[in-house]
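Just the heavy atoms: all of them, side chains too, but no hydrogens, waters or symmetry mates, feed the values below. Remember, it's 1-based here, ligands and their atoms both numbered in the order they're listed.
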Amino acid sequence: MSFDVNALLRDNIRSLVPYSSARDEFKGEARIFLDANENSLGSPLTKWYNRYPDPLQWKVKQALSQIKGIPPEHIFLGNGSDECIDILFRAFCNPGKDNVIINPPTYGMYEVSAHINDIEVRRAVLLDDFQLDLVHLENLVDENTKIIWICSPNNPTANSMNREDVEIVLNNFSGIVVVDEAYINFSRHKSFIQELKDYPNLIVLQTMSKAWGLAGLRLGMAFASAPIIDVYNKVKPPYNISQATQELTLQALGEVEQVNDMIRILVSQREQLVKDLTRLPLVLKIYHSDANFLLVKVADAKAVYEYLLDDGIVVRDRSKVELCEGCLRITVGTEQENKDLIAVLKRFLS
Ligand SMILES: *Cc1c(COP(=O)(O)O)cnc(C)c1O
């Protein structure tokens, strides 16, 4: 199957002359920097942030490259995954003409970002076992379909998509296939990141927001073939990742062991939570989870949600979402938080 990024691009992006910043035009060392209209005196902060940051975040990418085994040229960094998602719509999808396919129930940002960009969203609802409906998916594809969004492990259903199914999509669709792996670190399944060399149309999304514990920093990652990374860099705002985020991310990337410990604890807490929830009469079903949350079917989702809230515990009510009737989405907390949750649930209707 042939894949040509240029053919997929919007005309205005193909012909776009990207912004050239001071940091693009001069990259070397100098004695005096008078090229970027920064404040030469400094800033009110003890740690000076008066200089513009590296537009392409090479130090962060080099550190990530070591951890992920992916060359820096195949990495794009966004202001959260949300920016990695939005840029794809802006670069590849013609408003009012093109369409994308999502597999609901899934992460809400694909659809919101599509609507912001006036792009049609086609829905291949997951099968009852929360796996991809390949027949429906194939029927939805037409010559204006630019992107297929696959979330694995999926939010809010918590399961991973069958690898063979994702491979079938990758092998048979000539547009872009995004595999969002925000929760991959909590899963036993292999990432698709090592498949990049076989699939020029694949984009793998990951994030610092979940396993790495840095949701407040806003750093999302896209791993893809060099031509797709080039598109990202052409369309992104010049300084999309702040100096503070770059420095703190670099620092965090030096603590892989600590993060692996947290992942181990969260996964074991997840299994403990499954055991404890299973014993509660109000719990009808707990879906298998490859993530740091559980999708739990209860007798009366709204009532349980309100009951927990009255006790200061907030979970996500997903009972109005297709295939998630009666379900709450519960993030795995600390050991104590999980105990509190179970204690409150035990008191429900008793
Ligand atoms: C939480 C989440 C993200 C992370 O988004 P950020 O903007 O990086 O915080 C991405 N995808 C899915 C499916 C998520 O649930």
message: Applying side chain to side chain donor-acceptor pair (under 3.5 Å) to Gln206 and Glu181, what does each step give before you reach the verdict?
response: CA-CA 5 Å; Gln206 294 185 5; Glu181 295 186 338; 3.0 Å; yes
field: Full working for side chain to side chain contact (heavy atoms under 4.5 Å, CB included) between Val100 and Trp149
entry: CA-CA 8 Å; Val100 301; Trp149 297 88; 3.8 Å; yes
query: If you draw the axis of the six-membered ring of Phe192, does the NZ or CZ of Lys190 fall within 45° of it and under 6.0 Å from the ring centre?
result: no
message: Can you tell me which portion of Lys210 lies within the under-4.0 Å heavy-atom range of ligand 1? Options are side chain, backbone, both, or neither.
response: side chain
query: Are Lys302 and Glu306 ion-paired here, with the side-chain N under 4.0 Å from a carboxylate O?
result: yes
- prompt: In terms of residue, atom name and distance, what is the protein heavy atom nearest to atom 15 (O) of ligand 1?
  reply: Tyr183 OH, 2.7 Å
field: ligand 1 contacted by Ala215 (non-hydrogen, < 4.0 Å)
entry: no
query: Between Ser81 and ligand 1, does any nitrogen or oxygen pair lie at a separation below 3.5 Å?
result: yes
message: Looking at non-hydrogen atoms alone, which of Asp180, Asn155, Asn79, Leu214 comes nearest to atom 12 (C) of ligand 1?
response: Asp180
- line: for atom 9 (O) of ligand 1, nearest protein heavy atom and its distance come out as Ser209 OG, 2.7 Å
message: Heavy-atom pairs closer than 4.0 Å: do any link ligand 1 to the side chain of Arg218, the backbone, both, or neither?
response: side chain
Cation-aromatic face contact Arg23/Tyr52, 6.0 Å, 45 degrees: no
- prompt: Hey, mind stepping through Asp310 and Tyr305 against side chain to side chain contact (heavy atoms under 4.5 Å, CB included) and telling me if it holds?
  reply: CA-CA 9 Å; Asp310 277 345; Tyr305 176 84; over 6 Å; no
query: Mind checking whether Met109 has a heavy atom under 4.0 Å from ligand 1?
result: no
task: Provide the number and element of each atom of ligand 1 under 4.0 Å from a heavy atom of Asp82.
output: 7 (O)
query: For ligand 1, which atoms sit closer than 4.0 Å to a heavy atom of Gly80?
result: 7 (O), 8 (O)
field: Residues Glu247 and Lys59 bridged, charged N to O under 4.0 Å
entry: no
statement: The atoms of ligand 1 lying under 4.0 Å from a heavy atom of Cys151, numbered in the order shown, are 13 (C)
message: Taking Lys234 first and then Asp230, would you say they form a salt bridge - that is, a charged N and a carboxylate O separated by under 4.0 Å?
response: no
query: Relative to the heavy atoms of Ala182, which atoms of ligand 1 are at a distance of less than 4.0 Å?
result: 2 (C), 3 (C), 10 (C), 11 (N), 12 (C), 14 (C)
